[in-house]
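Presented below is the structure to which this report refers.
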Amino acid sequence: MQYWLMKSEPDEFSIDDLVRAKNQSTPWVGVRNYQARNYMRDVMQVGDRALFYHSSCPEPGVAGVVEISREAYPDATQFDPKSPYYDAKSTRAAPRWLHVDVQLVKKTRLVPLAELRATRGLEDMVTLRRGNRLSITPVTPAEWKIVEKLAARA
DNA sequence: GCCAACGTTGGC
DNA sequence: GCCAACGTTGGC
């Protein structure tokens, strides 16, 4: 059992989109970074929990909690020439890109990035480290507790 | 729109 | 295998 942080651009897919989604669940398509893929493929397990993070938007921050609901399987968008995630070098025999499914646990208040940065105990959070751009990063149990407490505040 | 930081590509 | 050039991310 592991904790994670997963970034999504709310213009693309927001926490509210997840609230409205069928079964409040979604395939995490579009990851095109090997390290993030490897986390999904090799480390993530059904039942792991993740912070749903809004990035590249007016108010970046944690917007909710999700649970990994299906283990990694091939990302169909890599085979679709019309998709922005199309990868001409990937084949069905050896798909390059995989993804998990995630299911909503809860939408929380938006915990802004600035607040995360200002919180004691989160100094070493991977996603907050200088220059980090990875869309999927591990979160320690201690960090998880702190962020959950922040998110539960009114 | 800017820019720092990082990942990927491709020539050698 | 090196590394420069390029593209992308993501906060501001």
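We name chains A, B, ... by the order of the sequence lines, and we start the count at 1 in each one.
In this structure, A:R117 places its CZ atom 8 Å from C1' of C:dG11, rounding to the nearest Å.
Taking a 4.5 Å side-chain heavy-atom cut-off between Ile, Leu, Val, Met, Phe, Trp and Tyr, the cluster of A:M40 extends to A:W4, A:M6, A:F13, A:I15, A:L18, A:V19, A:W28, A:V31, A:Y39, A:V43, A:M44, A:F52, A:V66, A:I68, A:V100, A:V102, A:L104, A:L134, A:I136.
Using a distance-only test at 3.5 Å, with no hydrogens or angles considered, no donor-acceptor pair links the side chain of A:E115 to the main chain of A:L113.
Considering only residues two or more places apart in sequence or on other chains, A:R32 meets the side chain to side chain contact (heavy atoms under 4.5 Å, CB included) condition with A:D75, A:T77, A:Q78, A:Y85, A:W97.
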Protein N or O to nucleotides 6-10 of chain C N or O, pairs below 3.5 Å:
from	atom 1	to	atom 2	distance (Å)
C:dT8	O2	A:R133	NH1	2.4
C:dT9	O3'	A:R133	O	3.4
C:dG10	OP1	A:K7	NZ	2.8
C:dG10	OP1	A:R133	O	2.6

- [ ] Please lay out, stage by stage, how A:R109 and A:R153 fare under the test side chain to side chain contact (heavy atoms under 4.5 Å, CB included).
- [x] CA-CA 8 Å; A:R109 79 173 174 98; A:R153 280 220 288 251; 4.1 Å; yes

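Using a 4.0 Å cut-off between a side-chain N of Lys or Arg and a carboxylate O of Asp or Glu, A:D16 and A:K107 qualify as a salt bridge.
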